[in-house]
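Structure first, commentary second.
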Amino acid sequence: MEHMLDKDVERVLFSEEELHRRVAEIAAEIDRDYAGREPLLVSVLRGSFVFMADLVRQIHLPCTVDFMAVSSYGAGTASSGQVRIIKDLSEHIEGRDVIVVEDILDSGNTLSYLLQLLQARSPASVRLCTLLDKPSRRTKEVELHYSGFTIPDYFVVGYGLDYAEKYRNLPYIGILKPCVYGGEE
């Protein structure tokens, strides 16, 4: 069944099947790397909630989850560079193995700030897992441990990623038509 939002998508970048396959591969890497341990996966809301849900269901070792919400974008298409914690963790992470799960690594500003904040709380380890990596937009270097796909500088939506809080419910990742967000055709 077609989504009413499909008309705003220029083309599908990653299909449901490609996403499912890659998420399973990342989960297998985490299972291997954390064998005998119980990592805490921290979803950075809101963009990563779909990825996080699928990832956790593919991980076979014991793990727990928590959520953080940060703001750095507003309603625009580019990071403002200003980072605010809107929802902090519910659990203490001292001595825990933490995996930060994010939808996209773009400029690196938000994740750099977030990773420093978490490191200051004395976890055993902190690693970063992102579904998408957009290195062409990087202004701050961030160490990435698990990555689904590297993409060019496209404005992407779907599978949790949004534009103005819409398109998160698309089952695939697609490139948004520039006319939708005021970009050039």
Side-chain angles (χ1 to χ4, degrees), residues 2-3 5-30 33 41-59 68-81 83 99-115 126-185:
E2 278 195 32
H3 265 267
L5 300 169
D6 288 341
K7 66 182 177 10
D8 294 342
V9 174
E10 195 171 282
R11 70 180 167 93
V12 173
L13 196 56
F14 302 110
S15 69
E16 277 186 86
E17 295 77 22
E18 290 172 300
L19 290 165
H20 181 76
R21 183 172 50 252
R22 187 65 190 117
V23 170
E25 291 168 357
I26 294 168
E29 290 177 47
I30 290 170
D33 293 350
L41 281 79
V42 175
S43 174
V44 182
L45 296 173
R46 295 179 203 158
S48 70
F49 80 99
V50 175
F51 174 42
M52 173 79 150
D54 286 351
L55 180 65
V56 168
R57 289 182 293 184
Q58 293 289 332
I59 292 173
M68 288 187 86
V70 297
S71 172
S72 67
Y73 281 83
T77 61
S79 176
S80 67
V83 180
I99 302 172
V100 175
V101 179
E102 179 63 291
D103 54 353
I104 189 165
L105 174 53
D106 197 330
S107 69
N109 289 332
T110 303
L111 283 169
S112 174
Y113 173 83
L114 191 59
L115 294 169
V126 177
R127 288 190 173 172
L128 177 59
C129 173
T130 68
L131 180 62
L132 302 175
D133 180 20
K134 197 189 283 188
S136 65
R137 305 252 316 168
R138 198 88 76 249
T139 57
K140 277 216 169 99
E141 273 315 303
V142 176
E143 188 177 1
L144 183 55
H145 302 91
Y146 306 100
S147 176
F149 304 95
T150 300
I151 64 168
D153 191 12
Y154 295 137
F155 197 100
V156 291
V157 294
Y159 198 70
L161 291 106
D162 76 302
Y163 170 64
E165 295 303 324
K166 295 181 188 140
Y167 307 100
R168 293 187 195 278
N169 57 324
L170 291 173
Y172 55 81
I173 293 177
I175 300 169
L176 195 62
K177 289 179 180 174
C179 62
V180 175
Y181 59 89
E184 294 179 24
E185 287 295 320

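Rounding to the nearest 0.5 angstrom, the gap separating the NE2 atom in His20 from the CD atom in Glu17 is 9.5 Å. Atom CG of Leu131 and atom CD1 of Ile173 lie 4.5 Å apart (nearest 0.5 Å). Distance check: Tyr159 OH to Asn169 CG gives 14.0 Å after rounding to the nearest 0.5 Å.
Closest approach of Lys177 to Lys7, counting heavy atoms only: NZ-O, 2.7 Å. Nearest heavy atom pair, residue Leu55 against residue Cys129, reads CD2-SG, 4.1 Å. Between Asn109 and Lys140, the closest heavy-atom pair is OD1-CG, 3.4 Å. Of all non-hydrogen atoms in Arg137 and Asp153, the two that sit nearest each other are CD-OD1, 3.0 Å. Contact between Leu128 and Glu102 at its shortest, heavy atoms only, is CD1-CB, 4.5 Å. Across all their heavy atoms, Tyr146 and Arg127 have their closest contact at OH-NH1, 3.1 Å.
A side chain to side chain contact (heavy atoms under 4.5 Å, CB included) with Val157 holds for exactly one of Leu170, Val180, Asp162, Ile175; it is Leu170.
At least one side-chain heavy atom of Arg138 sits under 4.5 Å from a side-chain heavy atom of Asp133. Inter-residue side-chain proximity for Leu13 and Phe149 is flagged as unmet; no heavy-atom pair is nearer than 4.5 Å. Contact of the Tyr154 side chain with the Arg11 side chain is registered, since non-hydrogen atoms from C-beta on lie closer than 4.5 Å. Contact of the Ile59 side chain with the Leu41 side chain is registered, since non-hydrogen atoms from C-beta on lie closer than 4.5 Å. Looking at heavy atoms from C-beta onward, Phe51 lies out of side-chain contact with Ile104 at the 4.5 angstrom threshold.
The number of heavy atoms from other shown groups lying within 6.0 Å of CD (Glu165) is above 12.
Remark: the Tyr163 side chain and the Asp8 side chain contain no N/O donor-acceptor pair separated by less than 3.5 Å.
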